[in-house]
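Down below is the structure, laid out as C-alpha cells.
Predicted, not measured: the structure shown is a model, and the values here were computed from it.
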Amino acid sequence: MAEVRQRIDQLDQSDELGEFRGRFVSDASGINYLDGNSLGRLSHDARAAILAAIDDEWGEELIRGWEHWTELSSQLGDVLGSELLGAAPGQVVVSDSTSVNLYKTILAALSLVPNRRALLVDANDFPTDRYILEGIAAAHGLELRLMATAMNDPISVDDFAPYLDDDVALVVVSQVNYRSGALNDLARIAYTVHSVGGMLVADLSHSVGAIPIALDDGDVDFAVGCTYKYLNGGPGSPAFLYARARLQSELTQPIWGWFSAADQFQMGPRYEPAPGIARFLVGTPPVLQLQALKGALGVVCDAGIERLRSKSIAQTQLALELFDAYLAPEGFRLASPREVAQRGGHLTFEHPDALAFSHSLFVDHRVLVDYRVPERIRFAPSPLYTSFAQVYEGVMALREVATR
C-alpha cells in the first residue's frame, strides 16, 4: 500500500493542472469533494465576477448596464461553442434552465417535421428529459417510445432498431448516462436517426466540461445542457442551447418572449422572431448568474478541454484500479464501462448498502459523494480541483466504511 501511495504522490507532483486547485475556494472543514458531476466548486474567478457585477455594474451603472448585459447570453454561448462544444459562432445561447431549453428545443424540432408523430428517448435517461417528452406527447397527441437499454453500457445501433421508423420525429439522448457514466457516440447516433429522417436532440449536462464535444462535426441537430456541474457556474446557473445554423431560419420555438423578438425595443404589436440563435431567448436574463458563469468559464477555458479529459481519464483509471483491489473484494460491483472510450467523467459503484455508505462517508470521513438509485454511489473527481490523493483517500474511506 505504501508503494501505491508513493505513486499517487508522484502523480500529484507531476500534475500540470495541479495549480488550478488554488483557483477555487476551499471550505474550512476540509471536505474531500467527489461530487463534481452534481455541483462544481466555487472558483475565485466566479466569486470575483459576481461581486464586480454587483458593485461595479448594478451598483454604479444601474440601468445603463443593459447596454452590455443584453449581449451576455450570446457572448457566453459563443465561448461555450468554440471552446467546449465544437460549434461555430451563432449556434449556442445561454438562457433559462435545461428543462425549459429542452422543452423549447423539442417543440422547435417538431415544427420542422409536422407530419411525424413519434418521440423516442432512452428509458434510462435523466428524469427531466423523459418527463418533458411525456408532457409534450400528452399535450400534442404524440406517441412516446421508451427505448430499453443496458444502463451501464453505451447505447448501440442495435438498441435503436426496434424503435426507429419513418414516423419518428426526434430522438432525445444524453451523451453521458447520469447514473453509470456510459458515454454515447453522438455522431453515430445522429447518423442512425437521420437515416430514417428523424432529428437528434442531445443532452450534454454530464459531458460538457468533462469530455471533448464536436456538435458540428457530429451532425447533431440540437443540444442542451447545464452549466453548474463540470463548468462550476453555481447552483441554478443558466443552461445552454445549441441549434444548427442551417435549421434556425426554418423553425419556430414555442415561448415567444420579448428577448426573442426581432423588434425587442420597438415594442411592436406583433411578434416576429429574431434572426439566428437569438430566437431561442425568452425573457430578461439573470445577469448576476451569467456574470458568475463568465468567471467560472474562464477557469475551464484556461485549463483546456483536452487537458481536462486527459486528467479525468487518469483519475478514473486510478479509481478503477483501486476499486478492483479494495472494493470488489468487499461486494461492490462496477456499474460503469471499463473502457475509457466508453465512459465520461465519473465512475459508479453498486452495493446493497450504498445509501448508508454514502452517509457514513461524509459523517465519518468528510468524503462527499453522490447516491443514486438503484444502490449506486457516483464517484466523480473534477480534474480542476481534485487531487489524485483525494481519489485514493475517497476509495480507501469507502473500503473502511464497508469493512467495519
Worksheet item: Can you tell me how far CD1 of Ile136 sits from CG of Leu107, rounded to the nearest 0.5 angstrom?
Response: 4.0 Å
Worksheet, complete the sentence: Only one of His346, Lys311, Arg343 passes side chain to side chain donor-acceptor pair (under 3.5 Å) with Thr316, and that residue is Arg343
Item to complete: Mark yes or no for whether Asp78, through its side chain, and Gly90, through its backbone, hold a donor-acceptor pair below 3.5 Å.
Response: yes
Worksheet item: Going by heavy atoms in the side chains, are Gln175 and Leu183 under 4.5 Å from each other?
Response: yes
Discussion item. Let's go through Tyr392 and Ser387 carefully: what are the C-alpha distance in whole Å and the side-chain angles of both, what is the deciding distance for side-chain hydrogen bond (donor to acceptor under 3.5 Å, both in side chains) to 0.1 Å, and is it a yes or a no?
Written reply: CA-CA 9 Å; Tyr392 171 80; Ser387 67; over 6 Å; no
Practice prompt. Determine, using ring centers only, whether Phe379 and Phe349 are less than 6.0 Å apart.
Written response: yes
Discussion item. Please verify the inter-ring angle class for Phe265 with Trp258; under 30° counts as parallel, over 60° as perpendicular, anything in between as tilted.
Written reply: perpendicular
Worksheet item: Quick check: does any side chain N or O of Gln248 sit under 3.5 Å from a backbone N or O of Ile277, one acting as donor and the other as acceptor?
Response: yes
Worksheet, complete the sentence: So CG of Asp45 and CZ of Phe24: to nearest 0.5 Å the spacing works out to 8.0 Å
Fill in: Donor-acceptor contact present, side-chain Thr192 to main-chain Arg188, <3.5 Å
yes
Worksheet item: What residues, two or more places apart in sequence or in another chain, satisfy salt bridge (charged side-chain N to carboxylate O under 4.0 Å, His left out) together with Asp217?
Response: none
Worksheet item: Is a salt bridge present between Asp302 and Arg307, judged by a nitrogen-to-oxygen distance below 4.0 Å?
Response: no
Worksheet item: Is any side-chain N of the basic residue among Arg130 and Asp122 closer than 4.0 Å to the acidic one's carboxylate O?
Response: no
Worksheet item: Are Trp66 and Thr284 close enough that some pair of their side-chain heavy atoms sits under 4.5 Å apart?
Response: yes
Worksheet item: Got a salt bridge between Glu143 and Arg145, using NZ or NE/NH1/NH2 to carboxylate O under 4.0 Å?
Response: yes
Practice prompt. Could you check whether the rings of Tyr178 and Phe126 sit parallel, tilted or perpendicular, using 30° and 60° as the cut-offs?
Written response: perpendicular
Worksheet item: CD of Glu250: more than 12 outside heavy atoms within 6.0 angstrom?
Response: yes
Practice prompt. Taking atom NE2 of His44 as the centre, report whether more than 12 heavy atoms of other residues, nucleotides or ligands fall under 6.0 Å from it.
Written response: yes
Practice prompt. Output every pair passing salt bridge (charged side-chain N to carboxylate O under 4.0 Å, His left out) with a member in residues 366-391, not counting sequence neighbours, ordered by first then second residue.
Written response: Arg333-Glu375, Glu350-Arg376, Asp370-Arg372, Asp370-Arg378
Discussion item. Closer than 3.5 angstrom, by distance alone: can the side chain of Thr227 be matched with the main-chain N or O of Gly233 as a donor-acceptor pair?
Written reply: no
Practice prompt. Would you confirm whether Tyr163, through its side chain, and Ala148, through its main-chain N or O, come within 3.5 Å as a donor-acceptor pair?
Written response: yes
Fill in: side-chain hydrogen bond (donor to acceptor under 3.5 Å, both in side chains) between Glu330 and His351, worked out
CA-CA 9 Å; Glu330 305 304 330; His351 194 283; over 6 Å; no
Worksheet item: So, are Arg270 and Asp263 salt-bridged, with charged N and O less than 4.0 Å apart?
Response: no
Worksheet item: For Val94 and Pro238, which heavy atoms make the closest approach, and how far apart are they?
Response: CG1-CB, 3.7 Å
Worksheet item: Where the side chain of Arg64 meets the backbone of Glu60, is there a donor-acceptor pair that is under 3.5 Å apart?
Response: yes
Worksheet item: Backbone N or O of Val93 within a donor-acceptor pair of the Ser73 side chain at under 3.5 Å?
Response: no
Worksheet item: Which of parallel (below 30°), tilted (30 to 60°) and perpendicular (above 60°) describes Phe280 and Phe222?
Response: perpendicular
Worksheet entry | Neighbour count >12 (heavy atoms, 6.0 Å) for atom OH, Tyr271 | yes
Practice prompt. Before accepting this row, confirm whether a basic side-chain N of the pair Glu321/Arg7 lies closer than 4.0 Å to the acidic partner's carboxylate O.
Written response: yes
Fill in: Arg338 bridged to Asp324 by N-O distance under 4.0 Å
yes
Side-chain atoms of residues 287-297: list all donor-acceptor pairs with protein atoms under 3.5 Å, sequence neighbours left out, distances to 0.1 Å.
residue	atom	partner	partner atom	Å
Gln289	NE2	Gly236	O	3.1
Gln291	NE2	Glu57	OE1	2.8
Gln291	NE2	Glu57	OE2	3.1

Worksheet item: Can you tell me if Thr149 uses its side chain to pair, donor with acceptor, with the backbone of Ile155 under 3.5 Å?
Response: no
Discussion item. Applying side-chain hydrogen bond (donor to acceptor under 3.5 Å, both in side chains) to Thr348 and Ser180, what does each step give before you reach the verdict?
Written reply: CA-CA 6 Å; Thr348 301; Ser180 69; over 6 Å; no
Worksheet item: Taking Thr386 for the side chain and Pro383 for the main chain, is one N or O donor matched with an acceptor at less than 3.5 Å?
Response: no
Worksheet item: With distance as the sole test, does Gln317 use its side chain to make a donor-acceptor pair with the main-chain N or O of Val340 at under 3.5 Å?
Response: no
Discussion item. Run Asn101 and Thr98 through side-chain hydrogen bond (donor to acceptor under 3.5 Å, both in side chains) and show every step you take.
Written reply: CA-CA 5 Å; Asn101 282 342; Thr98 305; over 6 Å; no
Worksheet entry | Within 6.0 Å of CD in Glu393, more than 12 heavy atoms from elsewhere | yes
Worksheet item: More than 12 heavy atoms of other residues, nucleotides or ligands under 6.0 Å from CD1 of Ile63: is that the case?
Response: no
